[in-house]
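Within every chain, numbering begins at 1; the chains are lettered A, B, ... in the order of the sequence lines, protein sequences first and strands thereafter.
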There are 2 protein chains.
Amino acid sequence: MAAVDLSAHPGHLARRLQQAHYLLWNTMVSEEITSPQFAVLNALVAEPGLDQRSVGERVGLDRSTIAEVISRLGRRGLLDKVRDTQDGRRFLLRLTDEGVRVHRKLTVRTARMNQVFLAPLSGEEQTVFFDLLQRVSDAAEGLRNPGAPVAPLVTQR
Amino acid sequence: MAAVDLSAHPGHLARRLQQAHYLLWNTMVSEEITSPQFAVLNALVAEPGLDQRSVGERVGLDRSTIAEVISRLGRRGLLDKVRDTQDGRRFLLRLTDEGVRVHRKLTVRTARMNQVFLAPLSGEEQTVFFDLLQRVSDAAEGLRNPGAPVAPLVTQR
DNA sequence: AAGAAATACTCAGTGCCCTGACTAATCGGG
DNA sequence: CCCGATTAGTCAGGGCACTGAGTATTTCTT
């Protein structure tokens, strides 16, 4: 009766979009390296020697998640992690040769995948799509913290 | 050098969109019930007595994930799970009174949240946004399986 | 009626994602 | 110089999401 149509819920659509992407990535790009892992490799190609926190900032991952992703990439031998001698809190990250090689290979495949992913949209629609996606995300990002916390669902006794 | 701009990658944008939504949901809707959990409640308001698999289908979750989500909702006392006497493989799901109550409360909050989430877009843009999101997801969904598996990154010796 | 195939669900394993609490190191003022 | 605040990273805990393997039940086929 009071049920709602989920297709009018942006959150639901966002989740579906990500699932769709995950699926395509798995079949067209790699079953070993994930999309967030590629994002990290990419950030380190652009700025070698970055520390963990900064990489997380570039790719949009919090301190805990970025630590996990980096540890996995380290285990796979795609990057090295060394203490910063200037600031003993930091770890400096740098791709290994293998890391660079994998990044290069994935860059090509990713481009192909993006084409397939966006194929249902015309060129103009693709531009609009990026724009809308970015604007909504940026706006929500800007809303961090300031709001008062939600009232709990159940009144605790 | 060969680094790519992530803002041109729909997968990255999809992930950011979901993160943004997660954040907003947490502050505006509930810290206890998640968006996928709400989707399940909603499906069961629409069709009480559905089995697990069908609920998963409605909300877009695979068998394993839907099992976890349902088990959590069960632990919270929001739904009941009983063996189908007609078909001993199935579990039939039904919301408890508390489940219905929570769904009603969240429906209101979710509507408010959606408004805030979409506020950066004009009414017309919102329509376009939904349309593009849906078309891309549907298309990728349709691409399931058929493709040959990706070649592995490293040639195993 | 018996065996094969399909179906609903569970379980183990991997990975992403967040929060909150903690440790270690650095930095800033007095 | 020292103490408090800030900052980088870790760790535990909860939840989402998938795959692949396994169990039980039903259904299809012969």
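- Proximity of Lys81(A) to the phosphate of dA8(D): no side-chain N or O atom is located under 4.0 Å from OP1 or OP2.
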Original post:
Given Asp131(B) and Arg135(B), is the salt bridge (Lys or Arg N to Asp or Glu O under 4.0 Å) satisfied, shown in steps?
Top reply: CA-CA 6 Å; Asp131(B) 177 53; Arg135(B) 278 165 55 202; 3.1 Å; yes
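- The CG atom of Leu73(B) sits 9.5 Å away from atom CG of Leu93(B), with the distance rounded to the nearest 0.5 Å.
- The side chain of Gln52(B) contributes an N or O atom lying less than 4.0 Å from OP1 or OP2 of dT10(C).
- Shown here for Asn114(B) and Ala8(A), the closest heavy-atom pair between the two residues is ND2-O, 4.4 Å.
- Taking side-chain N and O atoms only, Gln19(A) has a distance below 4.0 Å to OP1 or OP2 of dC18(D).
- Residue His9(B) comes nearest to Thr110(A) through the heavy atom pair CE1-CG2, 3.3 Å, listed as atom of the first residue, atom of the second, then distance.
- Between Gln18(B) and dC17(C), a side-chain N or O to OP1/OP2 separation shorter than 4.0 Å is absent.
- Interface residues of residues 63-73 of chain A facing DNA chain C, ordered by number: Arg63(A), Ser64(A), Thr65(A), Glu68(A), Val69(A), Arg72(A); criterion, heavy-atom separation under 4.0 Å.
- To the nearest 0.5 Å, atom CD of residue Gln19(B) and atom CG of residue Leu61(A) are 6.0 Å apart.
- Closest to the side chain of Arg53(A), from the set dC18(D), dA8(D), dG15(C), is dA8(D).
- Non-hydrogen atoms lying under 4.0 Å from DNA chain C are contributed by Arg89(B), Arg90(B), Phe91(B), all within residues 83-92 of chain B.
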